[in-house]
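Single-structure report; data block below.
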Amino acid sequence: MTPGIPTENQSTAQFGRPDGGGRVIDSTVHVRVARPSRDLAAAERFYVDGLGLHVLWRTTERVPGEHDLVMIGPPDAGWHFELTHDPERPLEPTPTVDDLFVFYLGEPADEELVDRLTVFGGIRVPAHNPYWDEYGVTIADPDGYRLVLCSRTWG
């Protein structure tokens, strides 16, 4: 049995400890991935205008002691990105070549989409792992994090 992968005898609606003990997290929970950004407007242009995601929420006024942020993703998905910037104590994003945000498209990435991502601040880069070059296109976002448009499907 592979940890975290349901077997035929396990429900795919839950995941948790491989031995079946302890609490489990239901697969319908919403997931938020949060990370710092140097420039929220540039990140928003890349992910919204370039990739086509939606702004789900953003701070609209500067509140001392709180982060500026924008939440982006598909409106009805079970996940979203939260991009933050703290002007009082800014964090420099520290992406590595293997920090990936992968979309499994099930077909090759449309070159028009790739071009649009570069117009909105992305840079097409070779993947650290050659697998992603074989099955997709890797684009660094304005903060240097890597977006992969994969031609394969998940599942």
Side-chain angles (χ1 to χ4, degrees), residues 1-8 10-16 18 24-60 67-87 90-155:
M1 172 168 39
T2 304
I5 306 296
T7 65
E8 290 179 33
Q10 291 178 304
S11 167
T12 58
Q14 297 182 351
F15 59 94
V24 296
I25 298 173
D26 187 288
S27 65
T28 62
V29 298
H30 194 91
V31 175
R32 175 187 297 183
V33 176
R35 66 177 192 221
S37 177
R38 279 182 215 93
D39 182 340
L40 290 178
E44 181 177 326
R45 283 189 299 272
F46 178 80
Y47 286 105
V48 174
D49 299 330
L51 188 58
L53 298 177
H54 297 263
V55 172
L56 304 174
W57 192 82
R58 76 160 61 89
T59 55
T60 57
H67 289 53
D68 295 335
L69 61 90
V70 61
M71 294 180 186
I72 57 174
D76 298 324
W79 64 271
H80 70 269
F81 260 149
E82 176 183 274
L83 301 170
T84 65
H85 180 75
D86 183 351
L91 292 175
E92 183 66 22
T94 56
T96 72
V97 294
D98 218 14
D99 287 320
L100 306 176
F101 181 39
V102 179
F103 281 88
Y104 291 90
L105 304 175
E107 61 188 22
D110 184 284
E111 281 302 317
E112 184 178 308
L113 173 59
V114 174
D115 291 344
R116 194 169 61 239
L117 286 163
T118 61
V119 165
F120 289 104
I123 300 169
R124 192 169 179 166
V125 295
H128 175 67
N129 180 340
Y131 175 89
W132 299 114
D133 285 335
E134 183 177 349
Y135 294 107
V137 175
T138 303
I139 301 156
D141 76 8
D143 290 307
Y145 288 97
R146 292 174 179 222
L147 168 72
V148 177
L149 303 174
C150 182
S151 63
R152 302 194 77 182
T153 59
W154 179 257

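Note that these values count all heavy atoms, side chains included, but never hydrogens, waters or copies made by symmetry. Quantities reported herein were computed from a predicted structural model and do not represent experimental measurements.
- Between Ser37 and Ala43, the closest heavy-atom pair is OG-CB, 3.8 Å.
- Minimum heavy-atom separation, Trp79 to Ile72: CZ3-O, 4.4 Å.
- Shortest non-hydrogen contact noted between Phe46 and Ala140 is CE1-O, 4.3 Å.
- Side-chain contact annotation: Thr96 with Asp98, donor-acceptor N/O pair under 3.5 Å absent.
- The CG atom of Asp68 lies 4.5 Å from the OG1 atom of Thr59; values are rounded to the nearest 0.5 Å.
- At distances below 3.5 Å, not a single donor-acceptor pair connects side-chain atoms of Thr84 with backbone N or O atoms of Leu69.
- Residues meeting the side chain to side chain contact (heavy atoms under 4.5 Å, CB included) test with Pro90, sequence neighbours left out: His85.
- Residues passing the side chain to side chain donor-acceptor pair (under 3.5 Å) test with Asp86, sequence neighbours excluded: Arg89.
- Partners of Tyr131 according to the side chain to side chain donor-acceptor pair (under 3.5 Å) rule, which considers only residues two or more places apart in sequence or in another chain, are Arg152.
- Residues Asp133 and Ala127 approach most closely at OD1-N, 3.1 Å, considering heavy atoms.
- For Arg35, the side chain to side chain donor-acceptor pair (under 3.5 Å) criterion is met by Tyr47, Asp141, not counting sequence neighbours.
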Got a list of side-chain donor-acceptor pairs under 3.5 Å for residues 116-126, not counting sequence neighbours?
{"unit_1": "Arg116", "atom_1": "NE", "unit_2": "Asp49", "atom_2": "O", "d": "3.4"}
{"unit_1": "Arg116", "atom_1": "NE", "unit_2": "Gly50", "atom_2": "O", "d": "2.9"}
{"unit_1": "Arg116", "atom_1": "NH2", "unit_2": "Gly50", "atom_2": "O", "d": "3.3"}
{"unit_1": "Thr118", "atom_1": "OG1", "unit_2": "Asp115", "atom_2": "O", "d": "2.7"}

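- A 4.5 Å side-chain heavy-atom check between Pro74 and Leu53 finds at least one atom pair inside the cut-off.
- Partners of His67 according to the side chain to side chain donor-acceptor pair (under 3.5 Å) rule, which considers only residues two or more places apart in sequence or in another chain, do not exist here.
- Of all non-hydrogen atoms in His128 and Arg146, the two that sit nearest each other are N-NH1, 4.1 Å.
- Here Leu105 contributes atom CG and Leu113 contributes atom CG; the two are 7.5 Å apart, rounded to the nearest 0.5 Å.
- Applying the ring-ring contact (aromatic ring centres under 6.0 Å, His included) criterion to Tyr104, with sequence neighbours excluded, gives Trp154.
- By the side chain to side chain contact (heavy atoms under 4.5 Å, CB included) test, Thr153 is found to be paired with no residue, residues two or more places apart in sequence or in another chain being considered.
- Asn129 contributes no side-chain N or O that, together with a main-chain N or O of Trp132, makes up a donor-acceptor pair within less than 3.5 Å.
- For residues 38-48, every residue pair satisfying the salt bridge (charged side-chain N to carboxylate O under 4.0 Å, His left out) rule, not counting sequence neighbours, is listed here: Arg38-Glu92, Arg38-Asp143, Glu44-Arg58.
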Review point. Can you list the steps and then say if Val33 with Phe101 is a side chain to side chain contact (heavy atoms under 4.5 Å, CB included)?
Key: CA-CA 10 Å; Val33 176; Phe101 181 39; over 6 Å; no

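- When all heavy atoms are compared, the tightest approach of Ala109 to Leu149 is CB-CB, 3.7 Å.
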